[in-house]
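Each remark here refers to the structure printed beneath this line.
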Amino acid sequence: SKFISKGKDRKEAIEKLIQAIESSVVFGLVTNLGYLKKILENPIFQSGKFSTHFLEENFSHYQADKNLTKALAYIYIFDKIKFISSGIHN
């Protein structure tokens, strides 16, 4: 899914996006909502005066939990194997 907001100005639209992220509840999935919130709260992003290198320059340290990513990959693969071995193919 995605969030779209509209406000009288950039500040209001960003505030609405932050509110939407904070009020979101997602079960069973890993999301990047925390990452998106950090971007929205960044003063440089809020100013609107940034380049296409913004994420690289300000969030290059942000990485997904590699163990979690690996665990999710294993779960996905296991689920596919279970699906294929059930005799149902797509």
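- Summarising the geometry of Ile21 relative to Leu33, their closest heavy-atom pair is CG2-O, 3.7 Å, with the distance given to 0.1 Å.
- Expressed to the nearest 0.5 Å, how far CD of Glu15 lies from CD of Glu41 amounts to 11.0 Å.
- Looking at every heavy atom in both residues, Ser5 comes nearest to Lys16 through CB-CB, 3.9 Å.
- Atom CD of Glu22 sits about 10.0 Å away from atom CG of Leu40, to the nearest 0.5 Å.
- For the pair Ile39 and Phe54, the tightest heavy-atom approach, listed with the atom from each and the gap, is CG2-CE2, 3.9 Å.
- Leu36 and Ile4 fall into different hydrophobic clusters, where Ile, Leu, Val, Met, Phe, Trp and Tyr residues are linked whenever their side-chain heavy atoms come under 4.5 Å apart, directly or through other members.
- Taking CD of Glu57 as the reference point, atom OG of Ser51 lies at 4.5 Å (rounded to 0.5 Å).
- Here the shortest heavy-atom pairing between Gly7 and Ala13 reads N-CB, 3.9 Å.
- Considering all non-hydrogen atoms of both residues, Ile18 and Lys37 come closest at CG2-CE, 4.0 Å.
- How far OG of Ser24 is from CD of Gln19: 10.5 Å, rounded to the nearest 0.5 Å.
- Counting only distance, with no hydrogens or angles, the side chain of Asp9 and the backbone of Glu12 share a donor-acceptor pair below 3.5 Å.
- Using cut-offs of 30° and 60° for the angle between ring planes, the Phe50 and Phe45 rings count as parallel.
- Arg10 places no side-chain N or O within donor-acceptor distance of the main-chain N or O of Ser47, the cut-off being under 3.5 Å.
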